[in-house]
Structure formats: structure tokens, C-alpha cells
Amino acid sequence: MIAENTQTQMRKGILEYCILSIISKGEIYASDIIGELKKAELLVVEGTLYPLLTRLKNNGLLSYSWKESTSGPPRKYYQITIEGTEVLEKLDITWKELVYAVETSLFGRK
Amino acid sequence: MNKTIIININSIVFHIEEDAYETLRGYMIDIKRHFSQSADSGEILLDIENRIAEMFSERIQSGRKEVINKDDVSEVIAQMGRVSDFEEASEEEEIGQQSFHQQQTSSGEEHKPFQTGKKLMRDPEDTTIGGVCSGLGHYFGVQPKWMRAFFILFVLIGGSGVLLYIVLWAVMPVASTRADRMAMRGEAPNLQNFKKNFEEEMEGIRENFSGANAQFSRGLRSIGTGFGEIFKFIGKALAACMLVFTGATIFGLFFFFVACTLAIMGYQEEIYFPPLEVLEAGQAFFALLAGTFAIALPFIALFYIFLRILFKIRPMNNYLSMGMWATWIVSIIVVIFYCVIGAQDFREDSIIKVDRPLKVQPVYSFSEKDVRVIEASSSADGKTRYNIQVDGESLHNLLRSDIEIRFESLDSLEKPFIQYHYKAKGKSYQLAAERASKINYQAEQVDSKVIFNSHFALGADDLYRGQSVNVVAYLPVGTKVGIDRSLEGKIREIAYHNCYDNYPEELKIKQTEWIMTKSGLICAIPEKVEVEKKEEEDATTSE
């Protein structure tokens, strides 16, 4: 139970960071984000992504534009805002610190 | 061959098979419920619907496959993820409602631990009177019949069950929808359970109308409803009685309030209500208002409950009921406040003793003069606010009759006198003493006659603060005393009535004769009386 909880917490934090990073590479469609995340073996279902994207958008880190699609309805393409980039830079630093912290802590462990 | 349904997701039309549609619909309901608490639920749902529409259009190939079937829906749902998948990974703020499953498995550290599995509601499908017992049964996981037995027991013991039932009836909402009933039984309101619930119901109906013992069970059921009808009738009759009773009480309270208010304002003087006499007029009005509310509000609430029982009326508006609660509590606080204020004025006692000489007489005749002569016939309790004649003046006063008279002996050579103890209470000793000094009461002596007024009057602006008068008549040993019957109520420490009984029937007169001895007054007539002696004494008194 405790392990599960910690795992969930860890994933939650990283998920946002990863999504921001993926979007920062350029305009992207939600289901392509899923594809990227699946490649990274991080996310399983699409349903989880939409609330997250909506929240990041409402916080001003993301913006989107509608684009026509060849198959089906128009699609929402997400892109990172300036604010989002700033946040991402901060997260980059934090991530490096975390990696260092974890590696240091794990060093020498069998 | 399959029946298809045409659906429209975000302005795109799809043909979908019926069973696939049911699955999709259930899934969407789950999702809606999951995100219902989230502020962005509209946008999220739109995104999800959009995506589903897109995935459907990817699956449709014109000419070859034009209908969405169950497999498509399952695949889409698998890709989108079930609600349970969202909960594992999603943020705390996005979780609107936890599923029943998670509540059971999650430990206390999960959020929203206060949400209980069951709701306390009345069950309209299993009622005797109002479905309260069956609702309680569901809530506590007990069979309704035990709850009913419990209630009947409480009705038999002092009838408290009736009141409890009525209160619960009013408080518990009726489980009118299927979702309500499932919440009442503690089942999670998702599609599977809906289905199960519905199937169970159908099963029940089928059982009732088929099978060998259908006739029997139907008979049993009608007996049950017969009893139900009787209980319902008794309940309604009881409620009607209580409705009339509470209505009359409210009505009476209202008139009492109006009458008391008029009395406080001085328009009407016939009302005498002791607690209000203690307070000043301004305070008395607020105390009266608060007191009326404190008593009337519960009755109004009861009245409403009975109205609800008898007629189909909506439950009281939340704001209104909260307002009533608040008013009631405030009224009680105000009443307590004025009680304290009033009581404070009774904290200190003061007694002023005054000796006044009596003219020496061998025989005294004590009697009472009723100061209310004019209005006395209409007031029996002795204290009222009439305009009356006191000592020739017209005074608008509060009359008090807290007067006690005792007798003490003196040495035969000493001079007789009467000692008055004027008593009053107040917030401070000084105030109490001031009040005591204001009491104007003393006996009047005309030759051998000593006349006591029946009442003493408070000043026009004085309030009742325990004002009373104790009179002690000090008389030399050997003095003969005649005490009028009218004084009987004021006399203390001697058994007036016993002496009166000593007189033979034919000589029952207004006055009894006493003689002062060293140990106090003694009845002049021994238990066996000779008529001649009695007459002699009569002669002496009349001299």
C-alpha cells in the first residue's frame, strides 16, 4: 500500500514535467503526446491526459489552436507558452538536483 | 442482423450497434461522474468526446465498415482508460468522486474518508407508515422488521417512539430515484449495479406473478398492505390530532404574546404574568419576545412536520430551517440572559426593623382591613394592578400580600409594641435596603382595635424584588387578644384553626380569643367549653 502510494506520487510529479518537455519540442496533438509517453513507458491511458492538459492550459503554461484533420473532427494542437518555458527551465534545474540527490543517495547500495 | 442506433458526437454522426451503445453510454456516465467535481469538467469531457469521435472515425472505412460495434467501443475504452485507471494516476484535485471499490480498499490516508457508503433515506418500496424503519434497517444493515419491533417497543414505553418516528420521518429524505435507493443500500451508483438492481427488481416481479405459490404470496402481501393501511390511518389520525394541538398552542402563544405586550405597554392591565413583573418594561418586552420564540418555534416546527405528514408539502427550505434554528438558539440565550439579569437583582437581602409602640390596653382585637374593597371581587390571588383606593389615595400600584404576623410575650410590666421587619432584595445591599425602606406598612390602632391592611403597595415605578413584611407583636403577659378570622392567613406560629375548632358549633364567631402567657399566645378556650364562660368573655371584649 505504502509502496503503491509513493509510486503514484513519484509518477504524478514526473508526468507533468515530461508532458511539458514533450510539448516544448513543438506543436503537438494530444494523442501524439500519448504516443510519446507510451514510448517513454510512462502513461497507459489517454483519459488521464486531458485533465492534466486542461489544468496546465488554465495555469497559462500551455496554449492550443484548432487544426483541421483529414480524418474526423478538428484537433486541438498544444504548444508551450513563454511562462511554460520558464517553468520548464525551473523544473530542469530541480530535476538535475533530484537526479543528483537520488544518485548520491543510491551510491554504493547493493 | 443487428439493430443500430445513430449517435452524434461533437457534430459527427455515427451508426452504432445497440449493445455497443449501451456500453459506451455507461462508460460516458462513469466519466461524467468522475469529473463532475472538477472545475474544468466541461472542457475535459469535450476533449474526451472529441477523441472518441476521432477514434471512431478512424475505425470506419466507407463501404466496408460503417457501423461501430462492441469490439470498437471496447478498444476505444481500453485506449482511453477506465475511470479506475484515471484514479490511480490522476491528481488529487481532479478526482471528483471516489468509486465504491476504492473506498473499500483504500486506507485512511486516501482523501475524502468522510464519505460513507450508505445514505440514511426512507425506503418507499418497503413502507409501513413512512418507510423510516426500512430506511434505518438498510442503514444499519438490519432487517426492517427488527427496526419496526424496536419502534413498537418504544411506542409502548411512554410513546416516545411516536415522536422519534415523526422526527425521523421529517428528517430523512425519501429515496425516490433508483440512484437514491442504491445509495441507501450502500451500492456504488455505477452501471453494473444499476443493472443488477434492475434485474433484481424484475426478478422480484416475476417471482410474484409466477410459480405455484404466487397466490399464497400475493395473499400474504395483501395482508401486509392491510396492516400498512391501518398503521397509515392511525398515523394520519394521530398526526391530525397533533396538528390541531400544535396549531392551537401556536395560536394561544400568539395571543398570550399580544396580551402581554399590551400589558407591558400599559394598555391593558388584566394580564398578570409573574416572570415579566420582575423586569423593567423595556427588558420585559425583549424577554417576552425571546421567550415566545423559544417556546413557539419548536411548536411551529412540529406543526410543519405534521402538515408534511398529512399533506404532501415540500420539505422546508434549508435557509428557512437554518434561520429557525438560529432564531431559536438566540431566543434561548436571550431568555437565559434576562433570567440572569432578573436573578441578579435578588442577590442581596436587606431587613429593616422598626419598633412602633402600642397604646396600653388590657384587651386587643386584631383584625384585617382589605385594601382592595372596591375591586376585591374580581381578584382572588391578592396581587393585581388595579386602580384602587389605598388610604384614600388613588394609586396605580402593585399590591403585595407577603405579610406575616407573629406574637411574642413581654414581662407583664413592659409596654406593648409592634416590631416591623421590612425585607427586600437587590443587586447590592444598598439597593435592597433602599427598597426595604420604601415599604410603607403599619397597623392602625383605634383604642383596643389593631387593624392590619391586607396588602402593602409598591411604588408606581418599583419592581417586585422580594419585598415582604414580618410583623411581630410584643404583648405583656396576661394580655387578652382577639384575633379576627380575616387575619388567619397572615398569622404564623400559632395554630389558629385549632383554637377556632374549640368553639362549639353554635358559637362560631368571627373572632377567637387568646391569652398571652410566658410561652406565647394560648387559645383562651380549652377544648371542652362551657357556654357561660364563653359569654362572660364575650362581654369583656365588647366593653
Side-chain angles (χ1 to χ4, degrees), chain A residues 1-20 23 28-35 37-38 40-78, chain B residues 8-14 27-28 30-32 34-35 37-62 75-96 102 105-111:
Chain A
M1 200 64 224
I2 294 166
E4 257 176 46
N5 208 12
T6 314
Q7 281 165 354
T8 314
Q9 298 290 335
M10 280 177 163
R11 261 193 229 118
K12 269 184 203 169
I14 293 165
L15 188 60
E16 260 182 63
Y17 179 47
C18 292
I19 289 170
L20 267 183
I23 297 173
I28 190 165
Y29 179 51
S31 67
D32 297 333
I33 300 176
I34 296 284
L37 287 174
K38 274 195 177 151
E41 291 177 10
L42 194 60
L43 190 77
V44 205
V45 290
E46 285 187 35
T48 325
L49 187 65
Y50 295 108
L52 250 173
L53 287 175
T54 309
R55 203 169 53 100
L56 290 173
K57 186 211 76 188
N58 287 346
N59 289 342
L61 308 185
L62 298 179
S63 67
Y64 66 83
S65 50
W66 291 100
K67 294 218 165 146
E68 289 301 324
S69 138
T70 46
S71 63
R75 295 171 154 192
K76 255 184 190 176
Y77 274 80
Y78 287 91
Chain B
N8 166 2
I9 308 177
N10 286 325
S11 326
I12 298 175
V13 171
F14 296 101
Y27 176 68
M28 286 314 291
D30 277 353
I31 287 191
K32 262 186 198 154
H34 176 76
F35 289 117
Q37 303 285 310
S38 160
D40 311 313
S41 67
E43 193 172 357
I44 296 166
L45 284 170
L46 203 68
D47 282 344
I48 289 173
E49 279 192 359
N50 254 335
R51 179 66 184 140
I52 288 171
E54 195 180 31
M55 286 192 276
F56 280 166
S57 17
E58 278 166 10
R59 279 177 169 73
I60 285 171
Q61 297 148 329
S62 123
E75 278 170 39
V76 165
I77 289 173
Q79 200 173 338
M80 194 56 85
R82 287 225 158 251
V83 173
S84 52
D85 299 326
F86 301 173
E87 273 157 7
E88 268 173 33
S90 70
E91 323 284 293
E92 272 160 48
E93 65 255 5
E94 248 107 20
I95 294 179
Q102 208 178 358
T105 52
S106 68
S107 68
E109 60 194 72
E110 283 286 334
H111 37 267

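Heavy atoms only: backbone and side chains are in, while hydrogens, waters and symmetry mates are out. Just so it is clear: chains get the letters A, B, ... in the order the sequence lines come, proteins before strands, and each one is counted from 1.
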Mind checking the [atom1]-[atom2] spacing from [X] to [Y]? Nearest 0.5 Å is all I need.
{"X": "B:Gln79", "Y": "A:Ile34", "atom1": "CD", "atom2": "CD1", "value": "8.0 Å"}
{"X": "A:Ser31", "Y": "B:Met55", "atom1": "OG", "atom2": "CE", "value": "8.5 Å"}
{"X": "A:Tyr50", "Y": "B:Glu49", "atom1": "OH", "atom2": "CD", "value": "11.5 Å"}
{"X": "B:Asn50", "Y": "A:Trp66", "atom1": "CG", "atom2": "CH2", "value": "5.0 Å"}

Problem set entry | Partner chain A: residue of B:Leu45, B:Ile48, B:Ile60 with the largest heavy-atom pair count (under 4.5 Å) |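 Greatest number of close heavy-atom pairs with chain A: B:Ile48.
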Exercise. Does the side chain of A:Leu53 come within less than 4.5 Å of B:Asp47's, by heavy atoms?
Worked result: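 No, every pair of side-chain atoms sits at 4.5 Å or beyond.
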Exercise. What do you reckon, is NZ of A:Lys57 surrounded by more than 12 foreign heavy atoms closer than 6.0 Å?
Worked result: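 Yes, NZ of A:Lys57 has more than 12 neighbouring heavy atoms, counting only those of other groups under 6.0 Å.
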